[in-house]
Amino acid sequence: MLLEEDGREGRIRGKVRFESCHRAEIDRMDKVRVRFAPSPTGYLHIGGARTALFNWLYARHTGGEFILRIEDTDDARNSQEAIDVILDGLRWLGLDWDEGPMSGDPDAPGKGDKGPYFQSRRKEIYLQKVEELKSKGMAYDRDGAVYFRMKKEATIIDDMVVGKVRRELTDREAADPDFVIIRSDGKPVFHLVNVIDDLLMGITHVIRGEDHLTNTAKHIALFEAFGAQAPRYAHIPLILNADGSKMSKRDEGASLMTYPQMGYLPQAVINQLVLLGWTPKGNREILPVEEIIKEFDLPQIHRANARFDMNKLKHINYEYMRKLSMEEFVEKGRKMLESRGVLNEKSDPVFVQKALETCKDKVKTFAELPDYAGFYFTDVLKYDTELIKAEFTSEASNLLKELCRRYSEVEDFVAANLESILKTYAKELGIKVGPLVHPLRLAVTASKSGPSLYHLMEVLGKQIVLNRINSFINNQLD
RNA sequence: GACCCUAUGGUCUAGCGGUUAGGACACCACCCUUUCACGGUGAUAACCCGGGUUCGAGUCCCGGUAGGGUCGCCA
C-alpha cells in the first residue's frame, strides 16, 4: 500500500525504508535464523566470507541462530577437500555456526536437527516437494525437465537493505515466465533447492549478495507456491577489485585463504570486511568484534558496491598487530618464519625469540618478517649493489674500520653500550650519527631499514657483527 | 536488448534542505628519531551531468550518463 499505482515508488523510498526497519523490529519477536549456503568450489571467495560474516553478525546481534548449509548439488566438482576449505575459512575468521556440518564428510553427523545440511543428501526431499508442486498444478513436465509455473507479472521485493523494489518482467519472462526446477538429468536446480531448504530449515532472514536480487522474484513465487511466507531478504552490495571490476577467482586477494598465508590476523580481516558495507557510529573504524556485534544491523548496510583496498587492510592489520602481546607476536612470527623456510631444526629458540622481539610493532603483516628479519637467520648476506652505491662511500670504509675496532674492545656487547660508543665516535669526528649508522646497518643487515640497529647488533652478538663488518669492508675493496 | 541496483576526494565513507562538505587509508612536505615504522604538524584532493521542486539542494523529484547485477536444464 506504500507503493503508489503509478510507479512513483522512488518518491516514497525514504518512507519505505523506515517502514522496513520498523517491520524488522516486529519480526524479531521470532527467533532469527540465518544461513550461509556456499557451494564447495574449492575456495572461499572474500565476498562469500563477508556474506557469511554479515549473517553471523546478524544472528549474534539478535541472539538468533547461524546455520551452515553446503550447496553441493553439482557433485561433479565437489570434494571433501573443497568443503574443508569453507569450514577452515569460517573457523579461521571465528564464525561459529549453530547448525550444520562439523566436517567435510557429507555422511558424518552434523550439528542441529534440521539436517541433512548437505544438499547432495536431500534429493528425496526435493523430489517430494516437486510432486507437491505438481499436484497443485504449479509444476509440469516439459522436454524431460520439470518447469515451475511462474506468474506473469511484476514482483514486489521488500528488501531490508535495498528497500521496496518493483521487479518488472524481463522481455524473456514476458514471453514465457516459467523456469526449470528439475533438469532433464533429474538434478534439481539452485532456485528450487535453495527455497526448499530455507523453508524446511525455518530461515527467517536471507542475507546474500546483491547478485541474487532479481532472482528473488523466483524465490518468492516458490515460497508462495508452497503455501509459505517468504523470509525477509537483505541483499548486500558486492566487493569489487581495486579497479572496480568484478572480483573473480583469479584476482589477487579473492580467496580468503590467502589472508592467513599473507600473515593477516583474522580480527583485521573481519574488521576490514565489515567496513566494506557497514559503518559504525561515531567516526570509528577499528573496533573489536564484540562491539561490532552490538552495533551491527541490517538497515544500515550500504547500498553501493565497494572496492577492496589492500592498503587499508594492511593498516588495520597493523593496528591489531600492535595490540598483540609480545608472546603472541613472537609465536605467530615464528610460525611464519618456519612456514617460509627461514628457520630450521637447528635454529636456537632463544635467539629466534630475541630476534623477533626487535621486530614487534615494526611490520604491518607477518608475511613481511622473512624479508625484514631474514638477516638474523642467514650466514651469507646478499648485498644489493645499487644500495651499496647509494649508501656506501670510500670514507665510510674508514669510519667503519675504526668503529669495528672500538666495538671489538667492548666486553658487554649490549645496545646501550653500542649506542654510546657510536655516538661518542660521531662526536669526536664532529659529525651526525647518520654517516656512521647507515653504512653500519648496511654492513650488518644488507638493508637500509630494519629493527633498532643497536638492539639488532646485541641480538646478533659481537662475533657475528664484527665478522660481517670486516667481510663487508673487504668485499667493497675489490 | 529487457529488467534491477548504485553514484561525495585515488580508495572506504560521514552527511539525511541552510556545514568553512567531516573522518580513515594512500600520497606529499616538515618535525621527532639510530633506519623503518609510530607519533605530531601541515598540504593536495570530492558532491557524475542536465532539468525541475524550494527563499535555499550533496541532500527531494524526473531524465541522461557511467559502473555493477540478473535474464541457464550454473550456483
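So you know, we letter chains A, B, ... as the sequences are listed, proteins then strands, and number each from 1.
Here the nucleotide nearest the side chain of A:R441, chosen from B:rU35, B:rA26, B:rC71, is B:rU35. For A:R307, the side-chain atoms get nearest to B:rU11 when compared with the rest of B:rU11, B:rC3, B:rG69.
One atom, CD1 of A:I156, and another, C1' of B:rC3, lie 14 Å apart when rounded to the nearest Å. At whole-Å resolution of the value, NE2 in A:H315 and P in B:rA37 are 13 Å apart. For A:D211 and B:rC3, the CG to P distance is 21 Å, given to the nearest whole Å.
Considering only side-chain N and O atoms, A:R183 lies under 4.0 angstrom from the phosphate OP1 or OP2 of B:rC74. Residue A:K423 has a polar side-chain atom (N or O) positioned under 4.0 Å from OP1 or OP2 of B:rU34.
Remark: B:rA2 base-pairs with B:rU70; criterion is Watson-Crick or G-U wobble with both hydrogen-bond distances under 3.5 Å. Of all nucleotides present, only B:rU41 satisfies the Watson-Crick or G-U wobble test against B:rA29, with each distance under 3.5 Å. The partner of B:rC60 is B:rG52, judged by Watson-Crick or G-U wobble contacts that both fall below 3.5 Å.
At least one cation-pi condition fails for A:K218 and A:F148: the charged atom is not both under 6.0 angstrom from the six-membered ring centre and inside a 45 degree cone around its axis. The cationic atom of A:R149 (NZ for Lys, CZ for Arg) does not lie both less than 6.0 Å from the six-membered ring centre of A:Y147 and within 45° of the ring axis.
Remark on RNA chain B: of its neighbouring residues A:N305 and A:L453, the 5'-side contact belongs to A:L453, judged by nearest-heavy-atom nucleotide. RNA chain B is contacted by both A:K312 and A:A37; A:K312 maps to the nucleotide lying nearer its 5′ end (nearest heavy atom per residue).
Ring pair A:Y407/A:F413 is perpendicular by interplanar angle, where above 60° counts as perpendicular and below 30° as parallel. The aromatic rings of A:Y233 and A:H235 sit parallel to each other, their planes meeting at less than 30°, with 60° as the upper class boundary.
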